[in-house]
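Written out below as structure tokens is the structure these notes cover.
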Amino acid sequence: MRQNTRVTFAMRDLDRLKCIQAVVDGDLKLVRASERLGLTTRQVRRLARQYAAGGPVGLVSKRFNRPSNNHLDEALADRVIKILRSTYADFGPTLATEKLRTKHGIDLAKETVRRLQIAVGLWIPRKLRPPKIQQPRMRRACVGELVQIDGCEHPYFEDQGPVCTALVFIDDATSRLMQILFNGTESTFGYFEAARRYIEQRGKPLALYSDKASIFRVNHVSATGGHGHTQFGRALYELNIDGICANTPAAKGRVERAHLTMQDRLVKELRLEGISSIDAANAFMPTYVAAYNAMFAKVPRETYDAHRSVREDEDLDLIFTWREQRKVTSNPTLHYERKLYLLPDTSRCPTPRTISWAPSIKVLSLKTNASDMHFGYPVRSKPIATTGVSSDHRQLIGSMAKKVPRKKLAGTKTQRELNQEDLKKALEVRS
């Protein structure tokens, strides 16, 4: 009696069996079978010979149900699993792979270690992790109680202009666009200008809600300057505006969603208006903001406007500046950014707001933009000699000294400069 042999086929092998059997029986051409199986005619001819010689068993791969040549040894796998459980239970695959290589001399691929960790439950794939639930936050009740700010770099002018950044101020209570300013980059001076325009038009909000960028907070604990706050944070403190940094982008989702809307609608609006420059876009923003708010703004729960007016003692010109503290020498001069600046002599023409410069006086250098710099009021850490200093000592009293370049005289050369005569003399001496 003939003994039956059990053969295990996959569905792909069954489809291949039907095609090869049809080729052997002459019901299917070789070219059509190769197109259906995705093989070459040479491979189909080889499979037909194997089927004719050994039957269906000849179509089964010889590697079926056999371990791979590159499979991980079971003893080594057990050893790695014991090490992972005992020492590196809370390590990720990348770090665990590095420690296995350096500490134990076991060199495995990162994905191999990940597979072993998943098998024993030490690592959960990202697809199987539960999603993070962001609890929704209620809108603020009043306009101006909280304003979300953020910058987004995008080709708003498409290929007709440079890539720029839009600094967006949006009210949390109503989702109104309060201010949009196009700038080259997302910088402190850009936010200075945007915040000043906002305050001059609407007043001071109670709080500004931003991300954790270095413009809004000191991210490095080892930072030596700034007294624990940034230039923009110092300006908000002087204006009595709270600066709040969000922990996640979803926390300031209103301004993030406004970016998505602007990247679609605003790009097309600028294209229809033929705008391809930053200045023209900033001039068009009041029209766009009015149309946006008319369509997407919400009604606040309270009608009270929380914006506050600027006080008389709050000088916006002085507040929205970059401040650096320097010490005056006996000349009197001071050093800033590897340059020596000569301070004006105020002793000869004293005015009600002049200060007599003296050695060791600490002053502030003020920047209104990336290049324009002035020297400002002294820091009263030491007694200073003054000449009729009024109570308002924050008045600017100096200006940046202009450095006049020296003109080169005809027929002269610098110490290290070589000319044709020097080369001729060197060749004559050598010869």
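Note that this is a predicted model, so its numbers are computed, not measured.
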Residues passing the side chain to side chain donor-acceptor pair (under 3.5 Å) test with Y191, sequence neighbours excluded, are E186
Considering only heavy atoms from C-beta outward, does the side chain of K252 approach that of S210 to under 4.5 Å? no
Partners meeting side chain to side chain donor-acceptor pair (under 3.5 Å) with D172 (sequence neighbours left out): R137, Q148, R254
Measure across W322 and F192 and return the closest heavy-atom pair with its distance rounded to 0.1 Å. N-CE1, 4.1 Å
Applying the side chain to side chain contact (heavy atoms under 4.5 Å, CB included) test to F216, which of D211, T188, L236, L208 qualifies? D211
Answer yes or no: is there a donor N or O on one side and an acceptor on the other, between the side chain of E193 and the main chain of G190, under 3.5 Å? no
Taking side chain to side chain donor-acceptor pair (under 3.5 Å) as the definition, give me every residue that meets it alongside D264, ordered by chain and number, with sequence neighbours left out. K268
Go through the structure and list residues passing side chain to side chain donor-acceptor pair (under 3.5 Å) with K204, not counting sequence neighbours. E314
Would you find a donor on one side and an acceptor on the other, under 3.5 Å apart, between the side chain of R301 and the backbone of R139? yes
For the backbone of K212 and the side chain of N219, can you confirm whether one donor and one acceptor N or O come within less than 3.5 Å of each other? yes
Does V168 form a side chain to side chain contact (heavy atoms under 4.5 Å, CB included) with D150? I'd like the steps, not just the answer. CA-CA 6 Å; V168 181; D150 193 25; 5.9 Å; no
What are the two closest non-hydrogen atoms of R140 and A173, and how far apart are they? O-CB, 3.0 Å
Looking only at heavy atoms, the pair that brings I170 and A258 closest together is CD1-CB, 4.0 Å
Only counting residues at least two apart or in another chain, list the ones meeting side chain to side chain contact (heavy atoms under 4.5 Å, CB included) with T174. V143, D171, R176, P300
Determine whether the side chains of R234 and Q231 contain a donor N or O and an acceptor N or O closer than 3.5 Å. yes
Has the side chain of R308 got a donor or acceptor atom that lies under 3.5 Å from a matching backbone atom of P205? yes
Taking P93's backbone N and O only, do any of them form a donor-acceptor pair with T97's side chain (distance below 3.5 Å, no angle check)? yes
Among side-chain atoms of S175 and R257, is any donor-acceptor pair under 3.5 angstrom? no
Okay, side chain of R271, backbone of F157: is any donor-acceptor separation there less than 3.5 Å? no
Do the ring centers of H154 and F182 come within less than 6.0 Å of each other? no
Minimal heavy-atom distance between P155 and V267, with the atoms involved, is O-CG2, 4.4 Å
Going by the ring-ring contact (aromatic ring centres under 6.0 Å, His included) test, which pairs reach into residues 110-130, not counting sequence neighbours? none
